[in-house]
There are 2 protein chains.
Amino acid sequence: MGTNGRFHRDIPEATVARLPLYLRSLISLAGAGDDTVSSAELATSTGVNAAKVRKDLSYLGSFGTRGVGYDVERLIFEMSRQLGLTTERSVVIAGAGNLGQALVKYRGFSDRGFPVAAMIDIDPAKTGSEISGVLVSSPSSLPEVVAANPGCIGIVATPAEVAQAVVDRLVEAGITSILNFAPSLVVVPDFVVLRQVDLALELQVLSFYAERNLAGVAEALHSID
Amino acid sequence: MGTNGRFHRDIPEATVARLPLYLRSLISLAGAGDDTVSSAELATSTGVNAAKVRKDLSYLGSFGTRGVGYDVERLIFEMSRQLGLTTERSVVIAGAGNLGQALVKYRGFSDRGFPVAAMIDIDPAKTGSEISGVLVSSPSSLPEVVAANPGCIGIVATPAEVAQAVVDRLVEAGITSILNFAPSLVVVPDFVVLRQVDLALELQVLSFYAERNLAGVAEALHSID
DNA sequence: TAGTGTGAATTTCTTCACAGCG
DNA sequence: CGCTGTGAAGAAATTCACACTA
């Protein structure tokens, strides 16, 4: 309600899902030396239409200058703040199978401010070893890991059958943000934030649109958009 | 328009994104020997509310029986048909780096009907080798690969900088469905269906909700939902 | 009677269009 | 003049609630 602008409450979900998109673009603009950007430019560089860009940005406050555009650095700052990216948040990957190993080796997380602090696996053949410089620990060491990485995000990269049990242990150990890659429903207490990513589901959705060639309709960002 | 039921046109996007969820659940129910299921049961097993389940299923046609529920096998059949899963669709992964290698080794795709037919990489040190039984070919062999796998889906697992160029080559080679894991905007012609999955973006969205602990609000299926 | 199918109400998201300001 | 910021219109998605029927 507060019209004060410093802290605009309740940013719509759809907008939140697009903020990282703008941020990505802004960082690249900043790298290219641009210091202002218009909603139209952000629109072409993100694939979101200009009116939507303006409305989305307006939820952060009024940081634009009429006739000019937005200050790139300022927007990066405000957006990072809203996204909670000012404090680095590390990641704990549960499951050192194919997907888990891939995710540790993948640069994408650490490059964008989410370093992998640890991996967890039940297999005693794996625990104690390092993958890509990250130690694989047994589930029993979860509480210590969480204590050493406050506010960390748990990533579930285990088979679907054990996903719920794994999530329960993560929550028990104090993790309150979870990204689940296992294709199964998991339930969490109210105070835990959960997101699901199902890679095969994406292929099935593609398959649907491929069948009828309604391209463009399917162009959506993961799941949300 | 057609009230005939055999082929309900224009299923809403939001519904399409949930069909794979129902399918996953139905397959597991079928495996457990259930032959009917109610919207309430599907609701609890997918995390979607019951009214939404019924509305979604109604887009496929009227396959339920009042007072009883839905026939599991029938629903699986109709849903698979709508999703275009009756003909197997293979996948070509562009980029044999960490993410690409992870995806080939990952069972999730082939287990759910999307076998990996080939990998493509420019690095001559990689081409010719096999990863997880899949041959890594050079980009020049793309046309043959596509010809050998009609209707295949292209997966882009390359660095962001080259994603657009890679997508262009895929399209040129005849691929019309693309799943892009590179965190960058890519543009495709109208007849090509594109979906984006940005893993770090998911973490950023989690970070947003973690910051304000508005849990539950964030519970959404990637992707889109 | 138990559970579907669906119009109608509601909420959320998108798009339009333009007043207002630098 | 150019571009933001935003009310208001419009579209899409969700939820309600209940008539209907196997």
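Quick note: numbers below take in every heavy atom, side chains included, and nothing from hydrogens, waters or symmetry partners. Lettering of chains follows the sequences in order, A, B, ..., and the numbering in each one begins at 1.
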- Should the pair A/Asp198-B/Arg112 be classified as a salt bridge under the 4.0 Å nitrogen-to-oxygen rule? yes
- Salt bridge present between B/Arg81 and A/Glu211 (N-O < 4.0 angstrom): no
In whole angstrom, what separates [X]'s [atom1] from [N]'s [atom2]?
X       : N      : atom1 : atom2 : result
B/Glu78 : C/dG5  : CD    : P     : 12 Å
A/Glu41 : D/dT4  : CD    : C1'   : 14 Å
A/Tyr70 : C/dG22 : OH    : P     : 15 Å
B/Leu75 : C/dG5  : CG    : C1'   : 14 Å
A/Glu13 : C/dT14 : CD    : C1'   : 16 Å
A/Leu42 : D/dC3  : CG    : C1'   : 13 Å
B/Leu57 : C/dT6  : CG    : P     : 12 Å

- Message: Side-chain N or O of A/Tyr59 versus OP1/OP2 of D/dT6: is the shortest distance under 4.0 Å?
- Response: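 Looking at the OP1 and OP2 atoms of D/dT6, neither is under 4.0 Å from any side-chain N or O of A/Tyr59.
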- With sequence neighbours excluded, what pairs up with A/Ser90 under the side chain to side chain donor-acceptor pair (under 3.5 Å) test? A/Asn149
- Item | Partners passing side chain to side chain donor-acceptor pair (under 3.5 Å) against A/Asp56 (at least two apart in sequence or in another chain) | A/Thr15, A/Arg18, A/Tyr22
- Task: Establish, from distance only, whether the side-chain atoms of B/Ser25 and B/Ser45 form a donor-acceptor pair under 3.5 Å.
- Result: yes
- Do A/Gln82 and B/Arg212 have side-chain atoms, one donor and one acceptor, less than 3.5 Å apart? yes
- Please name all residues satisfying side-chain contact (heavy atoms from CB on, under 4.5 Å) with A/Ala165, sequence neighbours left out, ordered by chain then number. none
- Message: Quick check on side-chain contact (heavy atoms from CB on, under 4.5 Å): which of B/Ile155, B/Val92, B/Val193, B/Val171 does B/Ile178 satisfy it with?
- Response: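 Result: among B/Ile155, B/Val92, B/Val193, B/Val171, B/Val171 is the only option passing the side-chain contact (heavy atoms from CB on, under 4.5 Å) with B/Ile178.
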- Item | A/Arg169: partners by salt bridge (charged side-chain N to carboxylate O under 4.0 Å, His left out), with sequence neighbours left out | none
- Proximity to DNA chain D (any heavy atom under 4.0 Å), residues of residues 32-40 of chain B only: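 Output list: empty, so none.
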- Between protein and nucleotides 15-22 of chain D, map the contacts as a letter string: B base, S sugar-phosphate only, - none, heavy atoms under 4.0 Å, written 5' to 3'. BBB-BBBB
